[in-house]
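Each residue takes its place number in the sequence, starting with 1. Keep in mind it's a predicted model, so treat the numbers as computed, not measured.
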Amino acid sequence: MDLGLSGKRALVLGASQGLGAASAAALAAEGAETVLLARSNDKLATQVKDIIAKGGKASALVADLGRQADLVSIMDDPRGYDILVLNSPPPPPVKAGAVDRAAWVSQFDAMFLNQIDLAAHLAKGMAARGWGRIISIASTSVQEPIAGLVYSNALRAGLNGWLKSLSDELAGQGVTVNTVAPGAFATERTHSLDAAAAKRAGRPLADVAAEGAASIPTGRYGDPAEFGAMVAFLAGKQSAYTTGAFFRLDGGASRGSS
């Protein structure tokens, strides 16, 4: 299937590893000129090198999503972007009652405010050109709060609500806005959560990871490439009638039917 992405320009946030990197790789494989953004120059360089080695077009952009000033050059780029993949660094675990105002402000900037600022700005160029795709990497915590991941539970849900509103405003201008919510994938993030759980329980990491995989109806963690394929499809020409939607990719782990 030709997704029609050749000649399109994509910006993928949080693309140095995990699902962001997988999304960038999938878009580049479909012919999009892909710009990978993250804080780690070394990790970005590795991802870009891998994409180019496979025949794709990619470049790195070192920036901190928590710093609005770092995003100014992106918004001022006269070429603009046809595809924007929103993604933020995974927040640290915290309990709802452990309120630290400074920490909340920091996470709010990175996970919500700076992302909507960037998306709203780039969407103007997309609408002017009559074509665009905004895809947000969220979490199933938007629909089913996850214990200990309070920042994610609250801020990703807020971002999803804003994106739904944005999708209504852009629907008649050739720009789609969709959210993809991953469950447990075989990424560094999942490994770190399993490792923390194993440490708390005083159990072998392998046992905790095996139990986590077994708790998913498919019996395994997701392959990041599977996630990237979904992002690429939503960026493609075939998804022009799909907007304002929320897609769960979790192997059937979520218990809700919608």
Keeping the roles fixed (side chain from [X], backbone from [Y]), state whether a donor-acceptor pair exists under 3.5 Å.
X	Y	result
Asn87	Gly14	yes
Thr176	Thr243	no
Thr46	Asp42	yes
Gln47	Ala21	no

Going hydrophobic residue to hydrophobic residue with side-chain gaps under 4.5 angstrom, can you get from [X] over to [Y]?
X	Y	result
Leu11	Ile135	no
Val85	Ile51	no
Met126	Ile83	no
Val62	Leu71	no
Tyr221	Ile137	no

Lys/Arg N to Asp/Glu carboxylate O, [X] vs [Y], below 4.0 Å:
X	Y	answer
Asp64	Arg67	no
Arg133	Asp82	no
Lys124	Glu169	no

[X] [atom1] to [Y] [atom2] distance, which is reported to the nearest 0.5 Å:
X	Y	atom1	atom2	value
Leu118	Ile134	CG	CD1	9.0 Å
Glu211	Asp207	CD	CG	6.5 Å
Leu61	Leu36	CG	CG	9.5 Å
Leu122	Ile74	CG	CD1	7.5 Å

Before you tell me yes or no, could you show the steps for Glu188 and Lys43 under salt bridge (Lys or Arg N to Asp or Glu O under 4.0 Å), namely the whole-Å CA-CA distance, both residues' side-chain angles and the distance that decides it to 0.1 Å? CA-CA 13 Å; Glu188 296 86 343; Lys43 289 183 178 180; over 6 Å; no

Between Leu37 and Leu65, does a side-chain contact (heavy atoms from CB on, under 4.5 Å) hold up when you go through it step by step? CA-CA 9 Å; Leu37 181 150; Leu65 287 174; 4.1 Å; yes

Flag for Gln68-Asp109: side-chain donor and acceptor within less than 3.5 Å: no

Pairs under 3.5 angstrom only: tabulate donor-acceptor contacts from the side chains of residues 95-103 to other protein residues two or more places apart or in another chain.
residue: Asp100; atom: OD1; partner: Ala102; partner atom: N; Å: 3.2
residue: Asp100; atom: OD1; partner: Ala103; partner atom: N; Å: 3.2

For a salt bridge (Lys or Arg N to Asp or Glu O under 4.0 Å) check, start with the C-alpha distance between Arg220 and Glu226, then their side-chain angles and the critical distance, and finish with the verdict. CA-CA 13 Å; Arg220 64 178 177 87; Glu226 294 171 312; 2.8 Å; yes

Taking the six-membered ring of Trp131, is NZ or CZ of Lys237 closer than 6.0 Å to its centre and within 45° of its axis? no

Return the set of residues passing ring pair (Phe, Tyr, Trp, His ring centres under 6.0 Å) with [X] (not counting sequence neighbours), or none when no residue passes.
X	value
Tyr81	none
Phe112	Phe108
Phe185	Phe227

Take atom CZ of Arg9 as the centre, draw a 6.0 Å sphere, and report whether it contains more than 12 heavy atoms from other residues, nucleotides or ligands. yes

Begin with the C-alpha distance, continue with both residues' side-chain angles, and end with the deciding distance and a verdict on side-chain contact (heavy atoms from CB on, under 4.5 Å) for Lys54 and Lys49. CA-CA 9 Å; Lys54 294 176 181 176; Lys49 182 178 180 180; over 6 Å; no

Hydrophobic cluster of Phe246, others only, ordered by chain and residue number, side-chain cut-off 4.5 Å: Val142

Using a 3.5 Å cut-off and no angle test, enumerate the donor-acceptor pairs between side-chain atoms of residues 151-165 and protein atoms at least two apart in sequence or in another chain.
residue: Ser152; atom: OG; partner: Ser141; partner atom: OG; Å: 2.9
residue: Ser152; atom: OG; partner: Arg156; partner atom: NE; Å: 2.9
residue: Asn153; atom: OD1; partner: Ile146; partner atom: N; Å: 3.0
residue: Asn153; atom: ND2; partner: Ile146; partner atom: O; Å: 3.0
residue: Asn153; atom: ND2; partner: Leu149; partner atom: O; Å: 3.2
residue: Arg156; atom: NH1; partner: Ser88; partner atom: OG; Å: 3.3
residue: Asn160; atom: OD1; partner: Thr179; partner atom: OG1; Å: 3.1
residue: Lys164; atom: NZ; partner: Gly244; partner atom: O; Å: 3.3
residue: Ser165; atom: OG; partner: Gly161; partner atom: O; Å: 3.3

For side-chain contact (heavy atoms from CB on, under 4.5 Å), just list the numbers for Gln238 and Leu3, CA-CA rounded to whole Å, side-chain angles, deciding distance to a tenth of an Å, and then say yes or no. CA-CA 7 Å; Gln238 289 86 351; Leu3 299 182; 3.5 Å; yes

Residue pair Asn178, Thr242: steps toward the side-chain contact (heavy atoms from CB on, under 4.5 Å) verdict: CA-CA 8 Å; Asn178 293 291; Thr242 302; 3.8 Å; yes

